[in-house]
Amino acid sequence: MGLATGSSPLATYAELVRRYEGEEISFAAVQVFLLDEYVGLEAGDPQSYRAFIEREFISRIDLPKENLHSPDVADAGLETSGDRYESTIAAVGGIDLQLLGIGTDGHIGFNEPSSSLGSRTRLKTLTAASRADNARFFDNNLDQVPRHVVTQGVGTILDAGHLVLTATGPDKAGPVARAIEGPLTAMVPASALQLHPHATVVLDDAAASKLELADYYRETFAGKPSWQSV
Ligand code: GLP
């Protein structure tokens with residue numbers, strides 16, 4: 001599994017924990033890969049994405065500790081971090097299910113607008129918009145928000161077997177509409193989902209409010225043949 005951080009997937013994690021506690025599922029044989037990680041935080045910083053996912057999800061399931069992978073953001077070796085992460089993903093046979101959120105600027109992972117649609121895991125510089133969006137996790141102090149991250153690339157994300165993007169609330173309505181119905185463009189990295197043969201987008205009414213064909217999508221979903229899952 002590939003996991004996103006941020007608030008969007010929290011309900012998904014809560015549901016997976018519920019199913020684990022109900023003994024419906026186990027993560028004992030699962031390998032987990034984070035989408036991205038901040039560069040420049042102290043190891044173990046509670047705002048690191050690794051700490052976030054351990055707190056919100058991994059500590060509550062039976063995933064073996066060594067099966068949680070995140071980009072290596074140590075200063076030494078930063079230039080090879082992306083390649084090493086790609087090799088680790090490849091060594092387990094790739095990512096079957098990738099959970100995604102979407103940034104207000106249309107990013108997935110931390111692939112900011114203008115990221116190559118073929119990009120692989122690498123160092124990226126955050127946009128001012130992304131740093132402002134994430135300041136809430138850093139005492140609303142912009143100076144504390146890291147400037148760099150290592151993120152899976154758009155091409156890395158597109159290699160996963162099934163992409164599931166979740167978005168809620170009115171702030172996501174614009175980027176969601178541009179990603180789903182706008183042109184395929186590096187300016188909206190989430191529009192790359194249009195290239196994927198198996199992508200599912202889960203929205204609340206507010207996040208879906210700018211979709212031109214919303215009625216058609218509802219009709220399609222309601223009329224799905226019973227053999228066709230999401
Ligand atoms: C960050 C993460 C993304 C996430 C996005 C949206 O930028 N790197 O993976 O999708 O935030 O976060 P939220 O779900 O909190 O709106």
Side-chain angles (χ1 to χ4, degrees), residues 1-16 32-41 45-58 68-71 73 81-82 85 95 97-115 119 121-138 140 142 144-158 160 163-180 188-193 196 199-204 206-209:
M1 289 178 77
L3 299 188
T5 48
S7 37
S8 304
L10 289 180
T12 307
Y13 298 148
E15 175 61 16
L16 290 173
V32 161
F33 290 85
L34 292 198
L35 267 178
D36 45 16
E37 183 57 281
Y38 288 118
V39 173
L41 298 178
D45 186 301
Q47 294 315 329
S48 74
Y49 279 169
R50 193 177 174 96
F52 176 97
I53 210 76
E54 281 175 343
R55 193 166 57 234
E56 299 293 339
F57 187 36
I58 305 300
L68 172 61
H69 309 276
S70 58
V73 289
S81 169
Y85 201 54
I95 293 172
L97 172 64
Q98 176 66 59
L99 303 183
L100 296 166
I102 183 170
T104 53
D105 62 2
H107 71 220
I108 45 175
F110 260 136
N111 294 282
E112 299 288 31
S114 79
S115 287
S119 51
T121 307
R122 71 221 182 282
L123 185 80
K124 283 294 287 181
T125 302
L126 295 180
T127 59
S130 290
R131 293 185 66 235
D133 281 351
N134 285 294
R136 66 187 196 278
F137 299 113
F138 294 88
N140 285 312
L142 206 51
Q144 286 182 25
V145 185
R147 291 186 178 276
H148 295 105
V149 294
V150 174
T151 180
Q152 285 187 34
V154 179
T156 318
I157 293 169
L158 289 178
L163 305 182
V164 178
L165 186 150
T166 306
T168 56
D171 291 351
K172 300 294 173 74
V176 160
R178 286 197 295 280
I180 296 175
V188 183
S191 68
L193 264 67
H196 199 280
T200 303
V201 179
V202 182
L203 306 171
D204 66 358
S209 60

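Start at 1 and go down the list; that is how both ligands and their atoms are numbered.
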Is the backbone of Tyr49 close enough, under 3.5 Å, to the side chain of Glu37 for a donor and an acceptor to pair up by distance?
yes

If you look at each N/O of ligand 1, which protein N/O atoms lie under 3.5 Å away, and at what distance?
{"from": "ligand 1", "atom 1": "7 (O)", "to": "His107", "atom 2": "NE2", "distance (Å)": "2.7"}
{"from": "ligand 1", "atom 1": "8 (N)", "to": "Asp36", "atom 2": "OD2", "distance (Å)": "2.8"}
{"from": "ligand 1", "atom 1": "8 (N)", "to": "Gly109", "atom 2": "O", "distance (Å)": "3.2"}
{"from": "ligand 1", "atom 1": "10 (O)", "to": "Ile102", "atom 2": "N", "distance (Å)": "3.4"}
{"from": "ligand 1", "atom 1": "14 (O)", "to": "Ser7", "atom 2": "N", "distance (Å)": "3.2"}
{"from": "ligand 1", "atom 1": "14 (O)", "to": "Ser8", "atom 2": "N", "distance (Å)": "2.9"}
{"from": "ligand 1", "atom 1": "14 (O)", "to": "Ser8", "atom 2": "OG", "distance (Å)": "2.5"}
{"from": "ligand 1", "atom 1": "15 (O)", "to": "Ser7", "atom 2": "N", "distance (Å)": "2.7"}
{"from": "ligand 1", "atom 1": "15 (O)", "to": "Ser7", "atom 2": "OG", "distance (Å)": "2.8"}
{"from": "ligand 1", "atom 1": "15 (O)", "to": "Arg136", "atom 2": "NH2", "distance (Å)": "3.2"}
{"from": "ligand 1", "atom 1": "16 (O)", "to": "Lys172", "atom 2": "NZ", "distance (Å)": "2.5"}

Output side-chain donor-acceptor pairs under 3.5 Å for residues 127-135, partner residues at least two apart or in another chain, one line each.
{"from": "Thr127", "atom 1": "OG1", "to": "Asp105", "atom 2": "OD2", "distance (Å)": "3.3"}
{"from": "Thr127", "atom 1": "OG1", "to": "Glu112", "atom 2": "OE2", "distance (Å)": "3.2"}
{"from": "Thr127", "atom 1": "OG1", "to": "Ser130", "atom 2": "N", "distance (Å)": "3.1"}
{"from": "Thr127", "atom 1": "OG1", "to": "Ser130", "atom 2": "OG", "distance (Å)": "3.2"}
{"from": "Ser130", "atom 1": "OG", "to": "Asp105", "atom 2": "OD2", "distance (Å)": "3.4"}
{"from": "Ser130", "atom 1": "OG", "to": "His107", "atom 2": "ND1", "distance (Å)": "3.2"}
{"from": "Ser130", "atom 1": "OG", "to": "Glu112", "atom 2": "OE1", "distance (Å)": "3.1"}
{"from": "Ser130", "atom 1": "OG", "to": "Glu112", "atom 2": "OE2", "distance (Å)": "2.7"}
{"from": "Arg131", "atom 1": "NE", "to": "Val145", "atom 2": "O", "distance (Å)": "3.4"}
{"from": "Arg131", "atom 1": "NE", "to": "Pro146", "atom 2": "O", "distance (Å)": "3.4"}
{"from": "Arg131", "atom 1": "NH2", "to": "Leu142", "atom 2": "O", "distance (Å)": "2.9"}
{"from": "Arg131", "atom 1": "NH2", "to": "Val145", "atom 2": "O", "distance (Å)": "3.0"}
{"from": "Asp133", "atom 1": "OD2", "to": "Thr104", "atom 2": "OG1", "distance (Å)": "2.6"}
{"from": "Asn134", "atom 1": "ND2", "to": "Ser130", "atom 2": "O", "distance (Å)": "2.9"}

Contacts of Glu54 that satisfy salt bridge (Lys or Arg N to Asp or Glu O under 4.0 Å) - sequence neighbours left out
Arg50, Lys65

Could you work out, with ring pair (Phe, Tyr, Trp, His ring centres under 6.0 Å) as the rule, every residue matching Phe52, not counting sequence neighbours?
none

Return the orientation label for the Tyr38 and Phe110 ring planes: parallel under 30°, perpendicular over 60°, tilted otherwise.
tilted

So do the side chains of Ile108 and Leu193 get within less than 4.5 Å of each other, counting heavy atoms only?
yes

